[in-house]
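Below: the structure, in structure tokens.
The structure displayed is predicted, hence computed values, not measured ones. Here is the naming used below: chain letters follow the sequence lines, and residue numbers restart at 1 for every chain.
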Number of protein chains: 2
Amino acid sequence: MISMANLLIMEPLAIDPHSDVPSYAQLANQLRDMISSGQIGPRQPLPSITRIQQETGLAANTIRHGIQVLIDEGLAYTVPGRGTFAAPGE
Amino acid sequence: MISMANLLIMEPLAIDPHSDVPSYAQLANQLRDMISSGQIGPRQPLPSITRIQQETGLAANTIRHGIQVLIDEGLAYTVPGRGTFAAPGE
DNA sequence: TTTCATTTGTCCGTATGTATT
DNA sequence: AAATACATACGGACAAATGAA
């Protein structure tokens with residue numbers, strides 16, 4: 001049975017390594033969706049690199065590459081030692 | 001003896017690994033200077049990664065990172081299989 | 001103050017794939 | 001076919017910032 005609440009739970013990040021879309025781009029796309037859909041609100045933290053590693057099995061550098069895409073797009077910002085957050089402007 | 005011509009020869013790239021400026025940023029700064037000073041003219045190739053490796057001892061990924069900075073700034077562009085070149089606009 | 005865990009930042013080495021010459 | 005060069009990805013290492021204990 002599926003409750004309404006469950007509909008708001010984020011789907012786990014999943015990467016298809018055989019896709020012709022690069023892994024870092026797949027990750028960036030999914031994170032972008034989570035921000036633009038409001039699943040991650042303004043100033044709210046994105047999943048940490050460690051967390052994404054556990055969920056996806058991707059290498060840290062690949063994950064940083066994906067996150068960097070969002071930062072370059074102005075959709076996220078990083079605070080060293082704290083985490084990466086969705087941009088306040090939304 | 002130093003001829004006038006030598007004054008136009010590019011200084012070798014040099015990275016200080018102990019600087020608090022990241023290596024990739026030092027490289028980006030030096031390459032940017034070479035472009036803005038006209039030492040590397042519009043549509044002229046930047047030094048290849050192999051060449052920069054020999055001169056600096058930096059890892060390929062670090063060099064690409066530095067070059068990527070210039071690409072993001074619109075100061076350079078890459079042609080796959082050819083190399084990286086100074087932007088035509090200058 | 002010190003210690004510890006968490007998180008991001010930087011860097012290296014290596015491997016494979018793709019595109020151009 | 002071979003050489004050159006970038007793109008992507010992995011794995012590992014160490015440093016720095018933060019916050020909590």
Mind checking who D:dA1 pairs with, Watson-Crick or G-U wobble, both distances under 3.5 Å? none
Please list, for nucleotides 19-21 of chain C, all pairs of protein and nucleotide N/O atoms separated by less than 3.5 Å.
none

Spacing of [X] atom [atom1] relative to [N] atom [atom2], expressed in whole Å:
X: A:F85; N: C:dT6; atom1: CZ; atom2: C1'; answer: 12 Å
X: A:Q54; N: C:dT6; atom1: CD; atom2: P; answer: 10 Å
X: A:R51; N: C:dA5; atom1: CZ; atom2: C1'; answer: 17 Å
X: A:I52; N: C:dT7; atom1: CD1; atom2: P; answer: 11 Å

Applying ring-ring contact (aromatic ring centres under 6.0 Å, His included) as the test, list every pair that has at least one member in residues 43-67 of chain B; sequence neighbours left out. B:Y24-B:H65
With sequence neighbours excluded, give me every ring-ring contact (aromatic ring centres under 6.0 Å, His included) pair touching residues 29-62 of chain A.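 As it turns out, there is no ring-ring contact (aromatic ring centres under 6.0 Å, His included) pair with a partner in residues 29-62 of chain A once direct neighbours are skipped.
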For [X], give me all partners under side chain to side chain donor-acceptor pair (under 3.5 Å), at least two apart in sequence or on another chain.
X: A:Q44; value: none
X: A:T84; value: A:T78
X: B:Q68; value: B:D72

Could you pick out which residue, B:T78 or A:P22, lies toward the 5' side of DNA chain D when each is mapped onto its nearest nucleotide?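 Here B:T78 is the residue nearer the 5' end.
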Could you list all the salt bridge (charged side-chain N to carboxylate O under 4.0 Å, His left out) pairs where at least one residue sits in residues 24-37 of chain B, not counting sequence neighbours? B:R32-B:E73
For residues 17-28 of chain A, the salt bridge (charged side-chain N to carboxylate O under 4.0 Å, His left out) pairs (sequence neighbours left out) are none
Would you grab the first and last nucleotide of DNA chain D (5' to 3') that comes under 4.0 Å of any non-hydrogen atom in chain A? D:dT8 to D:dG19
Tell me which residues in residues 60-69 of chain B lie within less than 4.0 Å of DNA chain C, going by non-hydrogen atoms.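 By residue number: B:N61, B:T62.
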Straight-line distance of A:Q26 CD to A:I15 CD1, nearest 0.5 Å: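 That separation rounds to 5.0 Å.
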Sequence neighbours left out, what passes side-chain contact (heavy atoms from CB on, under 4.5 Å) with A:A60? Give chain and number order. A:I49, A:Q53, A:R64
Residues in side-chain contact (heavy atoms from CB on, under 4.5 Å) with A:A25, at least two apart?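 With neighbours one apart ignored, the set is A:V21, A:P22.
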Could you tell me whether the side chain of B:L31 reaches within less than 4.5 Å of the side chain of B:P47, counting heavy atoms only?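 Yes - at least one pair of side-chain heavy atoms lies under 4.5 Å apart.
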